Amino acid sequence: TARPEPLKGTTARPEPLKGTTARPEPLKGTTARPEPLTSREEHIIGNLEVSFQFMIGKQQQHHGEEELTVDPVEQQQRPTDPEGLPTDKPLTVLQLMLFIPEGVDITLPSSCPGAKPNPYLVCKLFCVGPHPRSVVHWSTSRPLFGFKEVYPVNLTSSLLEKLCNKFVVVEVWNKTLGTTTEDELIGLVKLSVHQFYVAFVDQSSMNLCLSAELPVVAADAYSPVINPFSGARCGDLAVLMAMGNTSQLLQLQRQLAAGGYVL
């Protein structure tokens, strides 16, 4: 049957191709459905690499886009020392005094019975680098060392931890004659510094100790000299070790001078 002619003022619908079906016109007010993807040719042109970077911080709006910024407070770091460790601010500055007036019955190890020693001291303290030493006292078992050293101490939290249940060591050596023979270790004196830790570990006890007339005393007695190889006692050292502020140490030295000690 012949297709009727279109009305005047309209456009004739094109004839469908032979063997195909005409696609229906979309309804008014709707949009034509897009061609299915399967009807298009697909070609692989390469690989797409995607990476993500995540930041933790505050979320801010900027021109309608979302961006992450780091909180400036989080960027602030504690001051560090040259090794990258947090700095340890001094709690206070004190003075440490070590006074060794004499040694008593200083004897050489059993390998040298009857020989007179030539003793001298080497003090290994926690607050100084090069270890201070006394002069040599020749051929005597009762040396009058008169050894006195005063050192400034920056009292910090880390230093206080080093004082807890720790010791400083005073070495007693025998000076040997000749250039080819090494000096001989007579023995060691171990002095506990735990009393300093107890006195200065908190602010209240520190204030109480520093308001006293005299400094905190950790050692004030004759201490044995023990040979580390045999365990034998090789004499004694008179030792006074104290820590406090400058006025306290001056008062202590005045009392020692009044007692007949030469400082």
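From a predicted model like this one, the values you see are computed outputs, not experimental measurements.
With contacts defined as side-chain heavy-atom distances shorter than 4.5 Å, the pair Leu121/Val172 qualifies. Taking the side chain as every heavy atom from C-beta outward, Asn154 and Leu159 never approach each other to under 4.5 Å. Side-chain contact check for Lys175 versus Trp138: some heavy-atom pair is nearer than 4.5 Å. Between Phe145 and Leu237, the closest side-chain pair of non-hydrogen atoms falls below 4.5 Å. With a 4.5 Å cut-off on side-chain heavy atoms, Phe200 and Val216 count as touching. The closest side-chain heavy-atom distance from Gln95 to Pro152 is below 4.5 Å. Contact check for Ile106 versus His137: no side-chain heavy atoms found under the 4.5 Å cut-off.
Interatomic distance, CE of Met243 versus CG of Leu210, reported as 10.5 Å (0.5 Å rounding). For the atom pair Asp105 CG and Tyr222 OH, the distance stands at 10.0 Å (nearest 0.5 Å). With values rounded to the nearest 0.5 angstrom, Leu240 atom CG is found 10.0 Å from Gln253 atom CD. The line from CG of Leu163 to OG of Ser192 is 9.5 Å long, rounded to the nearest 0.5 Å. How far CG of Leu96 is from CG of Leu249: 8.0 Å, rounded to the nearest 0.5 Å. To the nearest 0.5 angstrom, Asn118 atom CG is 8.5 Å from Thr176 atom OG1.
For the pair Val189 and Val225, the tightest heavy-atom approach, listed with the atom from each and the gap, is CG2-CG2, 3.6 Å. Of all the heavy atoms in Gln195 and Val217, the pair that sits closest is CG-O, 3.9 Å. Nearest heavy atoms, Glu171 versus Leu185: CB-CD1, 4.2 Å. Closest approach of Pro224 to Asp236, counting heavy atoms only: CA-OD1, 3.4 Å. In terms of heavy atoms, Tyr197 sits closest to Leu160 at CD1-O, 3.1 Å. Of all the heavy atoms in Lys166 and Lys162, the pair that sits closest is CG-O, 2.6 Å.
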Could you please spell out the steps behind the side-chain contact (heavy atoms from CB on, under 4.5 Å) verdict for Met97 and Leu256? CA-CA 12 Å; Met97 186 181 80; Leu256 292 173; 4.1 Å; yes

Mind running side-chain contact (heavy atoms from CB on, under 4.5 Å) on Arg133 and Cys123 for me, showing each step along the way? CA-CA 6 Å; Arg133 62 177 58 200; Cys123 303; over 6 Å; no

Please assess Leu98 against Phe147 for the test side-chain contact (heavy atoms from CB on, under 4.5 Å), listing each intermediate value before the final yes or no. CA-CA 8 Å; Leu98 178 64; Phe147 179 82; 4.2 Å; yes

Does the pair Leu125 and Glu149 meet the rule for a side-chain contact (heavy atoms from CB on, under 4.5 Å), with working shown? CA-CA 11 Å; Leu125 303 175; Glu149 294 287 336; 5.7 Å; no

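Taking the six-membered ring for Trp and thresholds of 30 and 60 degrees, Phe99 and Tyr261 have ring planes more than 60 degrees apart, a perpendicular arrangement.
In the hydrophobic clustering of this structure, Phe229 groups with Val169; members are Ile, Leu, Val, Met, Phe, Trp, Tyr whose side-chain heavy atoms approach within less than 4.5 Å, directly or through other members. In terms of hydrophobic clustering, with Ile, Leu, Val, Met, Phe, Trp and Tyr side chains grouped at heavy-atom distances under 4.5 Å, Leu91 and Tyr151 are assigned to a common cluster. Both Leu252 and Val150 are assigned to one and the same hydrophobic cluster, defined by single-linkage of ILVMFWY side chains at heavy-atom distances under 4.5 Å. By the rule that hydrophobic residues join a cluster once side-chain heavy atoms approach within less than 4.5 Å of another member, Leu108 and Val104 end up as members of separate clusters. Cluster annotation: Val193 and Met206 are assigned to the same hydrophobic cluster (Ile/Leu/Val/Met/Phe/Trp/Tyr, side-chain heavy-atom contacts under 4.5 Å, transitive).
Side-chain atoms of Asn174 never come within 3.5 Å of backbone atoms of Pro119 as a donor-acceptor pair (strictly under, hydrogens ignored). The backbone N or O of Asn245 sits less than 3.5 Å from a side-chain atom of Gln248, completing a donor-acceptor pair. Using modelled atom types, one side-chain atom of Ser205 and one backbone atom of Ala199 make a donor-acceptor pair closer than 3.5 Å. No donor-acceptor distance shorter than 3.5 angstrom exists from the side chain of Glu102 to the backbone of Ala238, with no hydrogens or angles considered.
With 3.5 Å as the limit, one finds a donor-acceptor pair spanning the side chains of Asp202 and Ser204.
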